[in-house]
Amino acid sequence: MTIVATLKSDITPDGADYETVRRVIEMITDDYRDQPSLDDIAARLKQAPSQLQKTFTRWAGLSPKAFLQAVTLDHAKRLLRQESMPLLETSIEVGLSGPSRLHDLFVTHEAMSPGEWKARGEGLTIRWGFHGSPFGRALVMVTERGLAGLAFSDEADGRACFEDMACRWPNAEYVEDREATAAYAARIFDPSRWNAEEPLRIVLIGSDFQVRVWEALLRIPMGKAVTYSDIAGQLGQPKASRAVGAAVGRNPLSFVVPCHRALGKGGALTGYHWGLTRKRAMLGWEAGRA
DNA sequence: GGGCCGCGCACAC
DNA sequence: GTGTGCGCGGCCC
């Protein structure tokens, strides 16, 4: 089986920008001690500063400087403060069990039964493919019941990314099928195609606890954030924040189930399965669109 | 059942 | 700021 699919064209015009953006975010956050200027960064990327600025702004909807402000601690604290708890609580009535869930990308979800979860994917056919996305190469996995997996990889490391996902449901049958996954990818990453009439169908495959945590994440609106302990409290297990963190980290639908909107209590980003740089990228990208 | 790990947190110094 | 211990669910014996 060949894992690495070559990309003829990015499905979003933003796709090609991510590599540039990723390196900018990395430089600014890794080398925060000597706060590199746009000119410094452009020089290191061998680009004209004005062009870099343009690329970045096209991708983020925000200038590099504004983007940076959007992912600082101060800003994160503000995201948390404004009505983060009410967000989680009111939405319980809106209907965990009901079919329509919102993200700004509207989603209907179903969870696998405990039996199906234990079978570790037995009897499931999973079609998969890599596609360009605003956050690097995206691995999309679908079943006939809807989207089951979404993951990201930098550059050529698609194999590790695929393994990371496939080992979660080791008994499933995997079929490379970019035609089947392309439509999902195109929709997920294009906000203009998000609408309530045709929600995206997703299927959550996980333990009972994990599914409850992921459902809580689905209730956080775009441009908002909650803490791990908020979620623990909402599940009625206020001391389980660390268990929540572990479950968030196992979220199989990165971005669609917005685990990047879960932050530490102090506003620190604390962690991300697909890399903190990507978490910053998602939060900043959303800040430019919220 | 036992033991370890993880996208946490609070408290200490 | 760094260290440390508590706490939890998941997972592998």
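The figures that follow rest on heavy atoms only: side chains count, while hydrogens, waters and symmetry mates do not. Reminder, nothing fancy here: chain letters follow the sequence lines and each chain counts from 1.
- One atom, CG of A:L283, and another, P of B:dC7, lie 17 Å apart when rounded to the nearest Å.
- For the pair A:R168 CZ and C:dG10 C1', the computed distance is 13 Å after rounding to whole Å.
- Nucleic acid contact for A:Y228: base, since at least one base atom lies under 4.0 Å from a heavy atom of the residue.
- At whole-Å resolution of the value, CZ in A:R280 and C1' in B:dC7 are 13 Å apart.
- Taking side-chain N and O atoms only, A:Q210 has no distance below 4.0 Å to OP1 or OP2 of C:dG10.
- The side chain of A:S241 has B:dG8 as its nearest neighbour among B:dC7, B:dG8, B:dA10.
- If A:A240 and A:R250 are placed on DNA chain C by their nearest nucleotide, the residue sitting closer to the 5' end is A:A240.
- Contacts of A:W117 with the nucleic acid, taken as non-hydrogen atoms under 4.0 Å apart, involve only primed sugar atoms and P, OP1 or OP2.
- For A:A246, the side-chain atoms get nearest to B:dG6 when compared with the rest of B:dC9, B:dG6, B:dC7.
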Exercise. Could you go through the side chain to side chain donor-acceptor pair (under 3.5 Å) check for A:Y272 and A:S254 one step at a time?
Key: CA-CA 10 Å; A:Y272 196 73; A:S254 188; 2.6 Å; yes

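- Inspection of the A:D74 and A:T72 side chains reveals no N or O donor paired with an N or O acceptor under 3.5 Å.
- Under 4.0 angstrom from either OP1 or OP2 of B:dC7 there lies no side-chain N or O belonging to A:K279.
- For A:A243, taking side-chain heavy atoms from C-beta onward, the closest of the listed nucleotides B:dA10, B:dG6, B:dC7 is B:dG6.
- Residue A:I231 contributes atom CD1, which lies 20 Å from atom P of B:dG6 at whole-angstrom precision.
- Computed from coordinates, the A:Y272 OH to B:dG8 P distance equals 15 Å when rounded to whole Å.
- If you measure from atom CG of A:D208 to atom P of C:dC11, you get 12 Å, rounded to the nearest angstrom.
- Closest approach of A:C161 and A:W274 over heavy atoms only: SG-CZ3, 4.2 Å.
- As rounded to whole Å, 16 Å separates atom P of B:dC7 from atom CZ of A:R278.
- One finds a side-chain N or O of A:S207 lying less than 4.0 angstrom from the OP1 or OP2 phosphate oxygen of C:dG10.
- Relative ring orientation between A:F135 and A:Y18 is described as perpendicular, the plane-to-plane angle rising above 60° on a 0-90° scale split at 30° and 60°.
- No donor-acceptor distance shorter than 3.5 angstrom exists from the side chain of A:Q51 to the backbone of A:A48, with no hydrogens or angles considered.
- Across all strands shown, C:dG1 forms a Watson-Crick or G-U wobble pair with B:dC13, both key distances being under 3.5 Å.
- Protein atom NZ of A:K265 is 14 Å distant from nucleotide atom P of B:dG8, rounded to whole Å.
- Closest contact between the side chain of A:R120 and the listed nucleotides C:dC8, C:dC12, B:dC9 involves C:dC12.
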Quiz prompt | salt bridge (Lys or Arg N to Asp or Glu O under 4.0 Å) assessment of A:D154 paired with A:R137 | solution = CA-CA 6 Å; A:D154 285 327; A:R137 293 207 319 148; over 6 Å; no

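- Among the nucleotides B:dA10, C:dC8, C:dG9, the one closest to any side-chain atom of A:K239 is C:dC8.
- Here the side chain of A:T270 is nearest to one of B:dC7, C:dC12, C:dG10, namely B:dC7.
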